[in-house]
Number of protein chains: 2
Amino acid sequence: MSGPTIYDVARSAGVATSTVSRAFTNPARVGEATRTRVLEVARELGYEPNPHARALTSNRTQTVAMVVSDITNPHFFELIRGAEMRAKAAEYTLVLVNAEESPRIEQEQIRRVARSVDGFLLAASRQPDADLAELAASRPVVLINRQVRGVPSVVVEHSEGCRQMVAHLASLGHTSLVYLAGPRNSWMAGSRWAAIRAAATELGVTAHRSGPYAPTVSSGGAAADAAIGTGASAIIAHNDLLAIGVLRRLAQRSVRVPDDVSVVGFDDIFAADLCTPALTTLGGPHEQVGRAAVEILLDSLTTRQDRRPALHVAPPSQLVIRDSTGTPLGAAPQRQGGAG
Amino acid sequence: MSGPTIYDVARSAGVATSTVSRAFTNPARVGEATRTRVLEVARELGYEPNPHARALTSNRTQTVAMVVSDITNPHFFELIRGAEMRAKAAEYTLVLVNAEESPRIEQEQIRRVARSVDGFLLAASRQPDADLAELAASRPVVLINRQVRGVPSVVVEHSEGCRQMVAHLASLGHTSLVYLAGPRNSWMAGSRWAAIRAAATELGVTAHRSGPYAPTVSSGGAAADAAIGTGASAIIAHNDLLAIGVLRRLAQRSVRVPDDVSVVGFDDIFAADLCTPALTTLGGPHEQVGRAAVEILLDSLTTRQDRRPALHVAPPSQLVIRDSTGTPLGAAPQRQGGAG
DNA sequence: GTGAAAGCGCTAACAT
DNA sequence: ATGTTAGCGCTTTCAC
């Protein structure tokens with residue numbers, strides 16, 4: 001059934017099991033010659049350490065869990081990819097958990113896998129701050145695109161990004177915008193709105209908020225209708241998926257983008273560059289975020305548990321200007337055409 | 001550090017540890033009253049079975065690994081999503097492994113996690129048949145979009161799909177097509193080409209093959225150039241990513257799609273519907289494929305190991321006709337415009 | 001239906 | 001530097 005054990009190797013190599021164990025987990029504490037011999041024998045026998053036996057005594061599993069709020073969202077792909085690669089490089093295994101936008105499922109799953117993993121990567125967690133703080137107190141946790149006091153996190157910088165976004169819109173002549181908000185329990189939704197509103201105030205632009213909306217293409221229909229209703233000439237959607245849905249509905253309604261209304265999204269997913277018109281969006285180094293999060297997590301696993309500061313990393317976002325933003329012709333008809 | 005054990009529960013409930021164990025893993029073999037009491041006590045104490053201790057004796061981990069050839073390809077995300085959901089429903093955990101298009105990495109990673117999982121889902125494996133057969137002989141394996149004699153698999157039906165694709169092209173007036181092949185060690189690439197060639201022969205269409213190409217957007221440039229070189233009026237790309245890359249290059253070169261040349265892809269990824277022109281492609285129920293694969297795997301875990309037939313499931317593909325295919329104006333100028 | 005006890009394969013004191 | 005020896009928390013015969 002299962003392969004050779006540490007005993008087989010020990011016997012074959014003429015050493016004690018503890019020596020074999022050390023040869024694998026703590027090579028420095030075994031004599032040069034012994035070590036090579038042991039490893040040699042192990043290789044010959046095809047010995048592979050049993051991770052469960054190992055975990056049982058050492059409480060280390062070489063596994064980390066990545067929990068994403070919605071595996072349906074392509075945005076997470078890049079995060080997952082970065083995390084997987086970094087984990088693999090460190091000989092860690094990545095367990096993938098989909099919270100399906102439900103705080104309840106999220107928590108259930110976290111409990112379920114808690115014993116099998118060394119730590120958690122929580123991407124866009126929908127749980128309340130208190131729950132996250134509590135979890136982080138008992139297990140190593142790194143938050144991604146979510147910030148909670150005292151918990152390490154990697155968040156794509158968006159405050160300045162939102163400012164740039166609003167500035168871009170303002171410079172095109174927009175004087176009124178609407179933010180189509182993401183889910184109520186999305187920290188990002190709140191944080192982005194705050195940044196947008198601040199920038200809008202500063203730049204003399206009127207900003208409204210509508211929502212919350214599920215961050216999906218299909219909820220873009222209702223979101224677009226609501227946005228049009230506000231009379232704003234610029235729409236900032238919570239993410240690219242929603243923005244793409246908005247674009248669709250706008251096309252159906254023969255509202256021209258960007259002539260009649262400008263649309264911008266967040267994340268710069270692969271599809272943002274392909275849709276028509278190509279979407280202006282606030283992108284970020286998502287893959288790198290995934291890597292960084294794993295790095296911090298692994299760090300907190302190896303480093304002594306003494307009070308390291310809960311670090312917060314915020315790699316810069318970048319406003320990618322494409323074709324969905326432009327001068328509103330209705331509002332500023334100094335160009336060629338008239339209003340819609 | 002870690003929570004209460006089976007001993008704590010046993011003591012509190014006034015039973016033996018074996019009874020507690022049974023209450024969890026084999027409820028039928030414990031008296032009604034005892035069971036409820038044990039479970040009650042366990043809940044009160046916040047007891048959670050330790051999966052490693054459990055795995056150590058039982059050799060079952062409640063975990064399956066999904067290995068994908070390239071996590072970069074959005075196509076896999078539907079597969080992953082389906083698999084994750086089905087696994088979760090069965091209280092199994094999904095481990096995600098990216099083979100990075102390398103048979104070597106694929107094999108290494110499989111070895112690495114072999115002891116930690118109950119079985120493998122191998123999506124678009126790049127390994128030789130022999131290696132897969134060998135692996136399948138020692139561990140439960142389900143292949144996805146790959147077929148190897150004697151190994152259970154779920155493959156989106158594509159033989160008939162390819163035929164429809166070629167028929168669609170032929171009906172539009174195309175008499176010559178080129179298939180831009182995927183990676184050399186991609187089973188799908190070979191299988192699709194065989195089906196395309198057969199259909200082409202049957203329908204009196206000339207078919208060329210070019211490649212292999214990496215199934216990525218960026219290799220679409222060279223692929224497009226080669227395709228144009230063949231003079232074919234229709235291009236069948238190995239997957240949507242490659243097709244999108246082809247579309248890009250064609251646009252750069254001012255080759256009109258579909259007037260000058262038609263383009264079709266495979267997979268019907270999210271972006272296929274968004275690019276310009278929208279891509280005609282052979283889609284499939286990918287999420288369902290992921291689910292089905294997990295189901296078969298779990299089945300082979302629970303069912304006795306006696307010789308079940310290695311089942312092969314092939315859910316139907318569907319030709320999604322969009323705007324990238326049309327009548328070649330150069331070849332059949334019976335419409336309005338002239339050739340390019 | 002329930003209990004006693006022997007491991008599963010490994011790590012980690014503690015010796016030497 | 002290496003060996004001895006307890007367990008880690010659970011499952012699983014084997015008794016009763």
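Values reported hereafter were calculated over all heavy atoms of this structure, with side chains retained and with hydrogens, waters and symmetry mates removed. Convention: sequence-line order gives letters A, B, ...; per-chain numbering from 1. Just so it is clear, the model here is predicted, and its values are computed rather than measured.
Rounded to a whole Å, the CD1 atom of B:Ile6 is 18 Å from the P atom of D:dG7. Whole-Å rounding puts the A:Arg60 CZ to C:dC10 P distance at 15 Å. Atom CG in A:Leu56 sits roughly 12 Å away from atom P in C:dG9 (whole-Å rounding). The interatomic distance linking B:Asn59 (CG) with C:dC8 (P) rounds to 11 Å, in whole Å. A straight line from NE2 of A:His52 to P of C:dC10 spans 12 Å, rounded to a whole angstrom. Atom-to-atom, CZ of B:Arg54 to P of D:dC8 comes out at 18 Å; the value is rounded to the nearest Å.
A:Ser58 contributes no side-chain N or O that forms a donor-acceptor pair with the base of C:dA12 under 3.5 Å. In this model, a side-chain donor or acceptor of A:Ser18 finds a partner on the base of D:dT4 within 3.5 Å.
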Original post:
ring-ring contact (aromatic ring centres under 6.0 Å, His included) between A:Phe24 and A:Tyr47: does it pass, once the steps are laid out?
Top reply: CA-CA 11 Å; A:Phe24 277 91; A:Tyr47 166 77; 5.3 Å; yes
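For B:Ala189, the side chain to side chain contact (heavy atoms under 4.5 Å, CB included) test picks out B:Tyr179, B:Ser186, B:His238, with sequence neighbours left out.
Contact check on B:Arg112 versus A:Glu48 returns no salt bridge, with no Lys/Arg side-chain nitrogen under 4.0 Å from an Asp/Glu carboxylate oxygen. Using a 4.0 Å cut-off between charged nitrogen and carboxylate oxygen, A:Glu106 and A:Arg126 do not count as a salt-bridge pair.
Phosphate contact (OP1/OP2 of C:dA4, side-chain N/O of B:Tyr7, threshold under 4.0 Å): absent. Listed pair B:Thr19 / C:dG3 meets the phosphate criterion, a side-chain N or O lying under 4.0 Å from OP1 or OP2.
Note: A:Phe77 and B:Phe77 have parallel aromatic rings, judged against thresholds of 30 and 60 degrees for the angle between ring planes.
Among C:dG3, C:dA5, D:dC10, the nucleotide with an atom closest to any side-chain atom of B:Tyr47 is D:dC10.
The backbone N or O of A:Arg115 lies less than 3.5 Å from a partner atom in the side chain of B:His52, making a donor-acceptor pair.
Within residues 21-39 of chain B, the residues having any heavy atom closer than 4.0 Å to DNA chain D are, in order of number, B:Ser21, B:Arg22, B:Thr25.
Distance check, rounded to the nearest 0.5 Å: CD1 of A:Ile80 to CG of A:Leu96 gives 5.0 Å.
Nucleic acid contact class of A:Thr5 (heavy atoms, under 4.0 Å, all strands): sugar-phosphate only. Contact annotation for A:Val20: no contact, since no heavy-atom pair falls under 4.0 Å across all strands.
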